[in-house]
Structure formats: structure tokens, C-alpha cells
Asks: 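First the structure, which I've put down as C-alpha cells, then a few questions once you've had a look.
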Amino acid sequence: MSTPDKKPKPAIKKVAKTAAKGRVAPKKREQPDERWQAFAREYVKDFNGTQAAIRAGYAERSAAMQASRLLTKDKVQEFVRQANARIVERAEVDGAAVVRRLNDMMLADPRELVEVYVSCCRHCYGVGHDYQYTLGEYNSKREKWLDEGKAIEKFPEKGGLGYDPRRVPFPECPECFGEGHPRQVLKDTRSMSARAVALFAGTKLGKDGAISPVMHNQLDVVEKLMRHHGQYLADNKQLPGHSTLPGTFVVEFVEPPKRENDPLEQLEPGQKPGQAPDAVSHSASLPARKKAVR
């Protein structure tokens with residue numbers, strides 16, 4: 001029995017898988033300009049090339065080499081200049097602003113920071129110029145007096161109530177003789193003017209716990225401004241051309257104006273202050289001594 005011929009099976013083509021499971025699409029490669037700009041932004045923060053390269057994303061082991069290589073590129077140098085210019089622009093500090101600040105310091109009134117008040121003493125306006133209480137002191141002393149069981153009619157009223165340290169001293173006070181008591185009064189920094197704030201340099205705490213304001217030296221500020229404006233002749237001579245700038249002044253000593261009835265004007269020729277006129281005339285009448293000839 002003959003068997004039918006078997007037909008050959010068609011070859012099965014193996015189709016390669018187009019995509020593997022879990023494969024992540026490759027990241028977009030960063031352009032050199034973006035890395036260079038990042039390096040420039042970090043570099044102007046502290047001008048440390050190695051640290052700037054690390055912060056910009058370069059490997060730590062090669063950061064120093066990368067920084068040295070990047071800083072030789074003209075384009076990176078341009079990015080650094082642009083980043084530095086943006087920092088200066090944000091800071092908004094220029095020469096004109098410094099001069100305005102110095103002007104504020106020079107024109108500030110120190111009394112906006114601290115003042116000295118001369119207050120009346122406790123005896124200036126007391127009854128019979130005796131010690132005068134404030135209302136709080138009077139009530140506190142009376143309560144303590146009563147708590148101790150003492151008779152109220154024996155309470156020492158002294159100069160009575162009403163002491164106010166804001167009053168001026170009484171000229172005929174037998175205790176302070178009209179001079180009063182000076183006291184320092186600090187001003188609230190929250191209400192200071194812009195000039196006073198420029199002059200204000202902080203506070204210091206004394207050994208006794210007292211707070212004192214610290215101010216910039218206004219004479220130093222004046223000198224800096226005068227040098228800036230070319231008001232010193234010695235500085236002007238160092239300028240190109242040795243020309244004197246407008247506004248330059250030279251200090252000269254002048255004779256003081258004469259006073260009326262000046263005792264120095266009434267002296268005789270050869271008379272010294274405190275010397276009697278007769279002594280001058282007597283010494284002038286004496287013959288000059290001759291030198292001894294040997």
C-alpha cells in the first residue's frame with residue numbers, strides 16, 4: 001500500500017521582538033551649553049571651580065579637571081560674565097548708591113538716636129523744696145506705712161506729690177542750684193528717619209547693663225565725601241594735569257578781628273602784659289652797659 005507523499009511544511013519565519021518588556025526610553029542628552037551655563041551659575045557663587053563643577057552635575061572624581069578645562073573656553077567665560085552681571089544687577093549696589101548712603105550719614109542728626117535731657121531734681125518743685133514724690137511712690141510708701149501699723153497722721157508727706165522729670169530745673173532750687181540732673185534718652189529705632197538709620201550702627205551693653213547706641217563717625221564720613229568730590233588740594237595735585245577742581249578750598253589762618261577796649265592794644269611799646277608802664281620807662285632811661293674790654 002502506497003502512502004501519499006507528505007507536503008513539506010512552510011518555513012516559519014521568526015519575528016524578532018520589537019520591544020523588550022520594561023525597557024526605558026533613553027534620556028535626552030544634555031546639550032553642552034546647558035551644562036556650561038549651569039557651571040557658570042555655580043561658579044560665580046564662590047569662584048571655586050571644583051565645587052561649581054560638582055554642583056553643576058559633573059562627577060566628583062573628575063570635577064577639578066573639568067573645571068580647569070571649562071574655564072579655558074571662551075563661551076564658558078562669557079557665561080560667567082553674564083551670570084556675574086545678573087548678580088550685580090540684583091544687588092543694585094553702585095557707586096552712586098554708596099555716595100547717597102554717605103550723604104545720609106553726614107546729614108543725619110545724632111539727636112534722632114539719643115538725647116540728653118536735663119530734668120528737675122526732686123526738690124525743685126516740692127513744698128518748701130523738700131523731696132517730692134511721684135504718685136506711684138506716694139501710694140506705695142503709704143501702704144507700707146499702714147501695713148507696719150504706723151499712724152497715718154505721722155506719715156512723712158515731705159514735698160508732696162507731682163514730681164515730673166520732664167520739667168526744667170527750678171533756677172533757685174537750693175538742692176541742685178538750677179542745674180538739674182542729666183539723663184540719657186534713647187530713641188525708638190522704628191520711627192527713625194532714613195538718615196538716622198544710616199548713621200545708626202547698632203547698640204552696646206555696658207557693664208552696668210545700660211544700653212548705648214553706636215554711631216558711624218561723621219567726621220570720617222565727611223573726609224570720605226570730600227575725597228570723593230576732590231575737595232582736598234593734595235589729592236587734586238595727583239590728578240592728571242594737576243588741575244584744581246571747582247570747589248577746592250585751602251585753609252588759611254587769618255588775624256582775628258580787633259576787640260573794643262582790648263588790654264593788649266593799650267600796652268606801651270616794649271611793655272609786657274602784667275608789667276607796669278613805669279617799669280618800662282625806667283628801664284629805657286638806664287644807659288646801656290658797655291662790654292668789658294680785656
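Sequence positions, counted from 1, serve as the residue numbers for this chain.
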Asks: Among D220, V221, L107, which residue satisfies the side chain to side chain contact (heavy atoms under 4.5 Å, CB included) criterion with L102?
Replies: V221

Asks: Heavy atoms, side chains only, cut-off 4.5 Å: are R101 and V98 in contact?
Replies: no

Asks: Test Y163 against C120 for side chain to side chain contact (heavy atoms under 4.5 Å, CB included), laying out the working first.
Replies: CA-CA 9 Å; Y163 175 70; C120 60; 3.8 Å; yes

Asks: Answer whether the closest heavy-atom distance between the side chains of Y58 and L70 falls below 4.5 Å.
Replies: yes

Asks: Sorted by first residue and then second, give each salt bridge (Lys or Arg N to Asp or Glu O under 4.0 Å) pair with at least one member in residues 209-218; sequence neighbours left out.
Replies: none

Asks: With side chain to side chain contact (heavy atoms under 4.5 Å, CB included) as the criterion, how do Q66 and R69 come out once you've worked through the C-alpha distance, each side chain's angles and the decisive distance to 0.1 Å?
Replies: CA-CA 5 Å; Q66 292 286 0; R69 180 181 63 85; 2.4 Å; yes

Asks: Considering non-hydrogen atoms only, spot the tightest contact between L225 and M106 and give its length.
Replies: CD1-SD, 3.7 Å

Asks: Flag the pair E42 and K45 as a salt bridge only when some basic side-chain nitrogen lies within less than 4.0 angstrom of an acidic carboxylate oxygen.
Replies: yes

Asks: Identify whether L186 and V197 are in the same connected component of the hydrophobic contact network (ILVMFWY, side-chain heavy atoms under 4.5 Å).
Replies: yes

Asks: Can you tell me if Q77 uses its side chain to pair, donor with acceptor, with the backbone of T72 under 3.5 Å?
Replies: no

Asks: Please report the C-alpha distance between W145 and F155 in whole Å, then the side-chain angles of each, then the deciding distance to 0.1 Å, and finally whether the ring pair (Phe, Tyr, Trp, His ring centres under 6.0 Å) criterion is met.
Replies: CA-CA 7 Å; W145 185 271; F155 178 76; 5.8 Å; yes

Asks: Using the salt bridge (charged side-chain N to carboxylate O under 4.0 Å, His left out) criterion, which residues pair with K150? Sequence neighbours excluded.
Replies: E148

Asks: Roughly how far, to the nearest 0.5 Å, is the CD1 atom of I211 from the CG atom of L205?
Replies: 6.0 Å

Asks: Is the count of non-hydrogen atoms from other residues, nucleotides or ligands lying under 6.0 Å from D147 atom CG greater than 12?
Replies: yes

Asks: Calculate, to the nearest 0.5 Å, the distance between atoms CE and CZ belonging to M105 and R195 respectively.
Replies: 13.0 Å

Asks: Taking Q218 for its side chain and A108 for its backbone only, find out whether a donor-acceptor pair lies under 3.5 Å.
Replies: yes

Asks: Taking the side chain as every heavy atom from C-beta outward, state whether L199 and H216 have any atom pair closer than 4.5 Å.
Replies: yes

Asks: With side chains defined as the heavy atoms from C-beta onward, is the minimum distance between V76 and Y43 less than 4.5 Å?
Replies: no

Asks: Going from SG on C173 to NE2 on H129, what distance comes out if it is rounded to the nearest 0.5 angstrom?
Replies: 6.0 Å

Asks: Could you go through Q51 and I54, starting from their C-alpha distance and side-chain angles, then the distance that decides it, and tell me whether this counts as side chain to side chain contact (heavy atoms under 4.5 Å, CB included)?
Replies: CA-CA 5 Å; Q51 294 301 320; I54 295 172; 4.3 Å; yes

Asks: Do you know which two heavy atoms are closest between C121 and E175, and how far apart they sit?
Replies: SG-CB, 4.2 Å

Asks: If you measure from CZ on F79 to CD on E34, what distance do you get to the nearest 0.5 Å?
Replies: 10.0 Å

Asks: With sequence neighbours excluded, what pairs up with E157 under the salt bridge (charged side-chain N to carboxylate O under 4.0 Å, His left out) test?
Replies: R142

Asks: Nearest 0.5 angstrom please: L161 CG to N139 CG, how far?
Replies: 7.5 Å

Asks: Looking at E137 and R122, does any basic side-chain N land under 4.0 Å from a carboxylate oxygen?
Replies: yes

Asks: side-chain hydrogen bond (donor to acceptor under 3.5 Å, both in side chains) with S119: which of R166, R183, R167?
Replies: R183

Asks: Between Y133 and P156, what is the shortest heavy-atom contact and its length?
Replies: OH-O, 3.1 Å

Asks: CG of L113 to OG of S193: how many Å apart, nearest 0.5 Å?
Replies: 8.5 Å

Asks: Would you find a donor on one side and an acceptor on the other, under 3.5 Å apart, between the side chain of Q184 and the backbone of V116?
Replies: no

Asks: Which is it for M215 and F200 under the side chain to side chain contact (heavy atoms under 4.5 Å, CB included) test, yes or no, and what are the steps along the way?
Replies: CA-CA 5 Å; M215 304 181 222; F200 182 63; 5.9 Å; no

Asks: Do Y131 and L135 share a hydrophobic cluster, counting only Ile, Leu, Val, Met, Phe, Trp and Tyr and linking them when any side-chain heavy atoms are less than 4.5 Å apart?
Replies: yes

Asks: So which heavy atom on P169 is nearest to which on G178, and how close?
Replies: CB-O, 3.5 Å

Asks: For E78 versus R81, what's the shortest heavy-atom pair and its separation?
Replies: OE1-NH2, 2.9 Å

Asks: State plainly whether one hydrophobic cluster holds both M65 and L71, where clusters connect Ile, Leu, Val, Met, Phe, Trp and Tyr through side-chain heavy atoms under 4.5 angstrom apart.
Replies: no

Asks: Determine the minimum heavy-atom distance between T50 and A63, stating which atoms define it.
Replies: O-CB, 3.7 Å

